[in-house]
Each structure stands twice: as C-alpha cells, then as structure tokens.
J.: 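Pasting in a structure now, in structure tokens, and then I'll have a few things to ask.
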Amino acid sequence: MKLCLILGDQLSPSLSSLADHHTQTDVVLMCEVRSEATYVKHHKKKIAFVFSAMRHFAKGLSDDGYDVRYVQYDDQNNTGSLIGEVGRIITQEPITEIVVTAPAEHRLQTEMAGWSLELNLPVTIKEDDRFLCSPNEFSSWAEGRKQLRMEYFYREMRRKYSILMDQDGPIGGQWNYDAENRKPPSSGLVVPDTFCAQHDEITQEVLALVEHHFPDHFGDLLPFHFAISRDQALAALDQFIAKRLRLFGDYQDAMVQNEPWMYHSHIGFYLNCGLLNPLECIERAEAAYHKGVAPLNAVEGFIRQVLGWREYVRGIYWLKMPDYKSANFLEARRQLPDFYWTADTQMNCMRQCITETKQNAYAHHIQRLMVLGNFALLAGIAPDEVNNWYLLVYADAYEWVELPNVTGMVLFADGGLLASKPYAASGAYINKMSNYCGSCKYKVSVKNGPNACPFNYLYWDFIGRNDGKLRGNPRMGFMYKSLDRMSDEKRDAIQEDSRRFLNAMDADEKI
Ligand code: FAD
Ligand code: DLZ
Ligand code: SF4
C-alpha cells in the first residue's frame, strides 16, 4: 500500500505523486500542521486560504474515489508536524512506500531527505513537473554564462513553448514591450473589482479555526474572498482576462491611493498552491490577444511575468540555495522598523502599502518593489528581517519565489546576480507613478530638512554609504558622477537628515 503525501501548495489534479496511484489500494494523506502554519507567522488570510483550499481539494479527491486521510488542525491526535503525521499513519496502515512530489522549499526538501531513514520505509520524491522549466534545465541554461539575465531566459522559454511566436521570431517583431508599460495613473481610472468568492460551510469553519488558533498572527482575516477551488480560481483567471488584461500593461507600474488591485491578475495565490497551472494562464492570455480582447503590450507583459520571471526566479532559487539565504552583499544590518507591522508612519506611500498588505495579504509588484522594498534597501534593513516579513505577509509567498525577489531584486544582497543594479529610487519615482505624495505629511519636492521626503535624502545616503560596493557598477556611473558634483554642504545635509531620520526610526518614534 502506497502513501501519497500531498502538501498545501500541491493542490493540482495532475500532481506527479498521484501519477501511478491506485485508488483501490493506495491512500492519500493531507494534514494541517502547526510546523507549516507557524514556521513563519503567516498572515491569517494566508492560513485560511491554504487550509480551505486543502479541504476543498481533499473533498474533490474523495468524490473521485480516492481514499483520503485528512488531518484537521484541531484534531486531538494531530502531532503538529508532517513527519509526525506520516509516522502516525504508518503505524495504523500497512504502508510499504511513501510518495511525495518534491516540496517547493529547500528547508522541507532537506528535511524529507532524512525521512526514509527515520521512518524505515522507502520515500520516493518525484519531480514537480507543474513548472515550465526544471531546475536541471535552468542550471544547463545558466552554465557558462557570466550574467543570468531574465530577458534571455524568457526568449528561450517563448521559443520552447511557442508562445507569441511568428515562425522563428516574436509576434510584432519585438520580444518585450515594457517601454509601453510604464504609464503613470491617469485621473478618473475606473478599476474593475477583483474576484470575490462567497464562503461555503468549509470556509466558514476554517475562518473560525484560524481566528481561534492564530489570533496573534499578522493581518485581517475578514473580509475573505479568495477562490478556494480550481473552479473558482479558473473563474478568477477568466475575470482577469475579460476585465483587466486589456490595461494590465499600461498600468502595470501605476499605484493609486485606495486601489490595491489595479489591473493586475491576482492569480499568484492560485498558481503557487497549484489551483491554476502556468501554461493554461499563458495560453488563455495569448488567445485573448488573437481574439482582439487585449493588445500585444498587455498580453506580452503578462506572459513575461508568468513564463519569464516566475520560472526564472525559481531557477535562481534552486541554483543558488542554500547559500542564497545568507547573502548580504551590502552588509545591511538594521532591524525592521515596527511600522512594517502597524502601518503607523507619516510616509503616506508606506502607510498605504502596509495597510493594504494587512487587509488583503496582497500588494502588487510595484508596491512590493518600489515602495516597501525600496525603503528597506535605502534604510539598510537586514535581509533576514526583510525576507521574514515578505514571506509571512503575502498569501502568494513561498520561499522559492519570495527569496530571489527580496534578496536579489529588492536588496541587491546577491551582489547583482539577479538584477544588474539596485532598484533604488528617490521620492520622484513614487510621485511619478502614484498619487500617494499629494496626501503625505512630507513634501516630495523638498530634498532636505524635516519636511523633505525621506526617500530623497535616504537615496543619496544609500549611494554614498555603498560607494565601495557600487561605484564600479557600470549602470551606477551616472549616480556617482552626480554625487561627486555635490557640494560638501549638500552632502553633509543628506548625511545629517538621514542620521536624524534613521535614529528616530530605530528609537521607534513616529516618522
Ligand atoms: P501580476 O502582476 O498579475 O503578474 C502575473 C503573475 O506573474 C503573478 O501572479 C506571478 O505568478 C508572476 N510574477 C510576476 N512578477 C513576478 C516576479 N517578480 N517573480 C515571480 N513571479 C512573478 N510573487 C509571488 O508569487 N510570491 C511572493 O512571495 C513574491 N514576493 C515578492 C516580493 C518582492 C519584494 C517583490 C518585488 C515581488 C514579489 N513577488 C512574489 C512577485 C510579484 O510581486 C507577485 O507575483 C505579484 O505581485 C502577484 O500578484 P498578481 O498575481 O496580481 O501578479
Ligand atoms: C503554507 C502552508 C500552511 C500555512 N499550512 C500547511 C499545512 O498545514 N500543511 C501543508 O501540507 N502545507 C501547508 N502549507 C504549505 C507548505 O508550507 C508548503 O508545502 C511548503 O512550504 C513547501 O513549499
Ligand atoms: Fe512617500 Fe515621499 Fe511621497 Fe510621502 S512624499 S508619499 S514619503 S514618496
């Protein structure tokens, strides 16, 4: 009798561990365990989402004739860990082999490598073939290359899957339409609502359970509207394609006060736990282009995120772990300020993005990168602290995708493996791409002094502080020329403002 263990982010009917499953003789095990729910203190909405999606998936398997053993979180006999639950079932059933699809996170793969010895049973770990590029394929692509640029990887993937191709070349003649995708928000945008699922009894039970067992976890549990089944996730995808894809490209980088969802797809939650598979999302978007539902800049932009960035960051993760986790090229050591948890800051952009993160377990890419991440980079916050925050606050967060985005893209902590230069920016960028600055206590046009936008002086302080590490970067030459041209008084003012601001932040004063 085989035991197939299915994890909370493996909710796909096509899962490799189910491939040779005999419903008459084999069993499936799924368990809600303390170890997974608390290895970081996940946002309440994320736990509710994963548990509800797991319960719905298990029910679907049972309806299809699988023998599913489902361990609920508050089951009296729940041991609280995956190995504990596997250990418990093998004492009750004549299990001869354990099969599992490779976990997506390194910590769990390492743990599982020891299971066979600990449990005294063969444990087969199958490749996770839900991704479009395997770790081996990525490592062959990376071999011998000086730089691992996403753009070249993405072109290979376009060719491999024949997506948006016109014979050997890209449809429209260009691989990338990003230059058209940087429109600031125009006033009067009417952003369509995001997908809102109704609760059923299973979700109601899970919500009560999360409220009871995780009261001190970050974030608002209600309102809860995530899709929790494959059918609902497909409906969310279709709604994106019909209503938002058309303007996805134009407003991809735009941020608007009290508009958390903008024209993004909000499918990361569903892709990462297996309710959607990446190729079906790509193919539906491509079909929308051919039917004239959405223009090429939008469709190519969306496909680049899923076929390019998503697969690329996973490739980097498996290529570079475990060392990647301790990377700290810029030697950033500061603690994460408390306002990342409370949103209690006078910086309106930060307050907006943190408040929306608390409410929705979601923020879109530019909020994550150019507001929340940019601040952490400029203020020199330690990579461990920043990674912990990102891994727990977003409902789509798993280490394989979170870590390269934070350590590589946001913090430049890998020294430039993923990004060719730090994504550091002053208040001018945030002002251009959002309407946040109009409602801020600070003045984005002021460069120094107590009323100045902190991003302005922190930006130059960051450049000056990291001179030894960044001056040699060819893409930073212009910045260092500008710094060199500054008067001593100007440089002193930047340093003084930054010192005052960061000291106040470290002392937990409201800034
Ligand atoms: P859309 O903007 O609609 O994009 C469509 C899809 O493309 C996403 O669902 C996602 O699957 C993929 N995608 C887009 N950008 C990226 C990227 N940079 N890396 C990987 N996939 C991408 N994404 C996660 O899935 N989990 C994370 O934990 C996560 N952490 C991030 C942390 C930081 C600091 C940054 C800058 C980005 C992070 N991202 C993460 C990438 C991206 O921000 C999210 O995928 C996206 O915001 C999810 O919202 P969406 O589904 O509306 O995406
Ligand atoms: C995210 C998550 C949570 C909150 N809880 C569980 C759980 O109780 N049981 C489970 O099997 N999986 C859970 N998950 C998803 C796992 O953390 C995920 O499978 C690993 O991090 C590997 O990516
Ligand atoms: Fe953010 Fe500065 Fe604009 Fe305020 S002025 S919202 S701190 S960028």
Side-chain angles (χ1 to χ4, degrees), residues 39-43 46 104-110 147-148 150 218 309-310 312-341 345 350 353-354 357 363 365-394 396-425 454-455 458-459 461-473 475-476 498 501-502 505-506 508:
Y39 73 93
V40 290
K41 288 179 85 174
H42 304 287
H43 194 299
K46 179 177 179 185
E105 295 189 343
H106 187 271
R107 71 180 168 91
L108 213 49
Q109 274 207 16
T110 311
Q147 292 191 315
L148 302 181
M150 198 292 293
F218 176 78
W309 278 109
R310 186 170 187 270
Y312 169 81
V313 299
R314 179 173 180 262
I316 295 275
Y317 178 77
W318 286 110
L319 191 67
K320 295 296 172 187
M321 279 298 276
D323 295 351
Y324 208 71
K325 210 170 157 61
S326 48
N328 191 0
F329 175 70
L330 297 179
E331 298 175 69
R333 308 259 179 253
R334 182 163 263 111
Q335 264 194 341
L336 190 80
D338 204 44
F339 63 73
Y340 271 81
W341 304 111
T345 164
M350 294 293 285
C353 296
I354 295 165
T357 298
H365 187 67
I366 291 299
Q367 295 177 305
R368 295 187 205 196
L369 179 64
M370 298 308 293
V371 178
L372 300 164
N374 185 23
F375 184 85
L377 172 72
L378 300 185
I381 302 171
D384 276 354
E385 298 256 317
V386 187
N387 274 302
N388 178 64
W389 188 82
Y390 276 97
L391 187 55
L392 75 83
V393 300
Y394 294 117
D396 55 33
Y398 295 87
E399 191 184 73
W400 64 266
V401 51
E402 173 277 325
L403 183 67
N405 271 295
V406 172
T407 279
M409 199 184 294
V410 159
L411 298 180
F412 205 70
D414 64 3
L417 179 78
L418 193 142
S420 53
K421 75 175 186 53
Y423 278 89
F455 284 84
L458 287 178
Y459 173 79
D461 190 55
F462 167 82
I463 301 285
R465 202 168 69 230
N466 290 295
D467 192 314
K469 306 250 179 190
L470 298 178
R471 187 178 279 272
N473 182 319
R475 295 197 60 203
M476 299 294 286
S498 302
F501 179 89
L502 293 172
M505 183 173 94
D506 291 345
D508 218 6

J.: Under the side chain to side chain contact (heavy atoms under 4.5 Å, CB included) test against Trp389, which residue among Thr357, Val406, Ile381 passes?
T.: Thr357
J.: Hey, are the side chains of Tyr324 and Leu417 touching, using non-hydrogen atoms and a 4.5 Å cut-off?
T.: yes
J.: Kindly indicate whether the side chain of Met321, heavy atoms from C-beta on, has any atom under 4.5 Å from the side chain of Leu403.
T.: yes
J.: Which heavy-atom pair separates Ala397 from Leu391 by the least distance, and what is that distance?
T.: CB-O, 3.5 Å
J.: One pair to check against side chain to side chain contact (heavy atoms under 4.5 Å, CB included): Gln335 and Asp506. What are the steps and the verdict?
T.: CA-CA 8 Å; Gln335 264 194 341; Asp506 291 345; 5.9 Å; no
J.: Would Leu418 and Leu148 satisfy side chain to side chain contact (heavy atoms under 4.5 Å, CB included), going step by step from the backbone distance to the final call?
T.: CA-CA 7 Å; Leu418 193 142; Leu148 302 181; over 6 Å; no
J.: Do Tyr39 and Glu399 get their side chains close enough for a donor-acceptor pair, meaning under 3.5 Å?
T.: no
J.: Is there a donor-acceptor pair closer than 3.5 Å between any side-chain N or O of Tyr340 and the backbone N or O of Val386?
T.: no
J.: Which heavy atom of Ala413 sits nearest a heavy atom of Pro383, and at what distance?
T.: CB-CG, 4.1 Å
J.: Judged by atom type as modelled, is there a donor-acceptor pair below 3.5 Å linking the side chain of Tyr423 to the main-chain atoms of Leu377?
T.: no
J.: Check whether NZ of the Lys or CZ of the Arg Lys46 lies under 6.0 Å from the centre of the six-membered ring of Tyr398 and within 45 degrees of that ring's axis.
T.: yes
J.: What orientation do Tyr394 and Tyr390 show, parallel under 30°, tilted 30 to 60°, or perpendicular over 60°?
T.: tilted
J.: Between CZ of Arg465 and CG of Leu378, what distance do you get to the nearest 0.5 Å?
T.: 7.5 Å
J.: With rounding to the nearest 0.5 Å, note down the distance linking OG1 in Thr407 to CZ in Phe329.
T.: 13.5 Å
J.: Hey, does His365 have a side-chain heavy atom less than 4.5 Å from the side chain of Trp309?
T.: no
J.: For Phe375, which of Phe462, Phe455, Tyr459 qualifies under ring-ring contact (aromatic ring centres under 6.0 Å, His included)?
T.: Phe455
J.: Within the structure provided, determine whether Lys325 and Tyr317 are in side-chain contact (heavy-atom separation under 4.5 Å).
T.: no
J.: With a 4.5 Å heavy-atom cut-off, do Asp414 and Ile316 have their side chains touching?
T.: no
J.: Quick one: CG on Asp338 to CE on Met505, what's the gap to the nearest 0.5 Å?
T.: 11.0 Å
J.: Check whether any side-chain heavy atom of Leu372 sits under 4.5 Å from a side-chain heavy atom of Met350, and report yes or no.
T.: yes
J.: From Arg368 CZ over to Met409 CE, what is the distance, rounded to the nearest 0.5 angstrom?
T.: 11.0 Å
J.: For residues Leu502 and Arg334, determine if any side-chain heavy atom of one lies less than 4.5 Å from a side-chain heavy atom of the other.
T.: yes
J.: Tell me, with the steps shown, if Val313 and Asn405 meet side chain to side chain contact (heavy atoms under 4.5 Å, CB included).
T.: CA-CA 7 Å; Val313 299; Asn405 271 295; 4.2 Å; yes
J.: I'd like to know if the side chain of Asn328 reaches the main chain of Ala332, judged simply by a donor and an acceptor atom lying under 3.5 Å from each other, with no hydrogens or angles considered.
T.: yes
J.: Met476 vs Ile463, test: side chain to side chain contact (heavy atoms under 4.5 Å, CB included). Steps then yes/no.
T.: CA-CA 9 Å; Met476 299 294 286; Ile463 301 285; 3.7 Å; yes
J.: Restricting to non-hydrogen atoms, name the atom on His106 and the atom on Pro322 that form the minimum distance, rounded to 0.1 Å.
T.: CE1-CB, 3.7 Å
J.: What pair of heavy atoms forms the shortest contact from Asn374 to Ala425, and how long is it?
T.: ND2-O, 2.9 Å
J.: Heavy-atom distance under 4.5 Å between the side chains of Leu336 and Trp341, does that happen here?
T.: yes
J.: Check for a donor-acceptor pair, side chain of Arg314 on one end and backbone N or O of Trp400 on the other, with a separation under 3.5 Å.
T.: no
J.: Look only at the side chain of Lys421 and the backbone of Asn473, and say whether a donor-acceptor pair between them is shorter than 3.5 Å.
T.: no
